[in-house]
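As the structure is a prediction and not an experimental result, all values here were calculated from the model. Just so you know, these numbers use all the heavy atoms, side chains as well, and skip hydrogens, waters and symmetry mates.
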Amino acid sequence: VNEALLERILNANPRVQEICTPRLVSLNQEKTKKALLRGATSLEEAIRTTPAYRARARLGFTEIISESVRPGDYSFCVRRP
């Protein structure tokens, strides 16, 4: 989802506390794999290098919910701290 669109959705729904990304694709998946190859100590750390995570973090959703991280498709959920 485009960051500007996500921001509009959140502005229209200010009670949203969690955003889930069901599957990382293309660039985000490549960034995650590269981070792991470069020595990221966890999948969560690798996900933090992706544009998908950074866009959500800029909107205040910085905490990756550990239980939501799935290695096969690199899905994850974030919430506001």
Heavy-atom closest pair, residues [X] and [Y]:
| X | Y | answer |
| --- | --- | --- |
| S75 | P22 | CB-O, 2.9 Å |
| A40 | E45 | CA-OE2, 3.7 Å |
| P14 | N11 | CD-O, 3.7 Å |
| S68 | I65 | OG-O, 2.5 Å |

Look only at the side chain of [X] and the backbone of [Y], and say whether a donor-acceptor pair between them is shorter than 3.5 Å.
| X | Y | result |
| --- | --- | --- |
| R54 | R48 | no |
| N13 | V16 | no |
| Y53 | T62 | yes |

* Asked: Taking atom CD of E63 and atom CZ of R79, what is their separation to the nearest 0.5 Å?
  ->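 CZ of R79 is found 4.0 Å from CD of E63.
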
* Asked: What's the spacing between L6 CG and E3 CD if we round to 0.5 Å?
  ->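 It comes to 7.5 Å.
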
Side chain to side chain, [X] and [Y], heavy atoms closer than 4.5 Å:
| X | Y | result |
| --- | --- | --- |
| L43 | F76 | no |
| L10 | F61 | yes |
| I47 | T21 | no |

* **Listed once per pair and sorted, the disulfide bond (SG atoms under 2.5 Å apart) pairs that draw on residues 51-81, sequence neighbours left out** =>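 Output for this query lists C20-C77.
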
Tabulate below the donor-acceptor pairs under 3.5 Å that side-chain atoms of residues 25-39 make, not counting sequence neighbours, or state none.
from: N28; atom 1: OD1; to: A52; atom 2: N; distance (Å): 2.9
from: Q29; atom 1: NE2; to: L24; atom 2: O; distance (Å): 3.1
from: T32; atom 1: OG1; to: N28; atom 2: O; distance (Å): 2.9

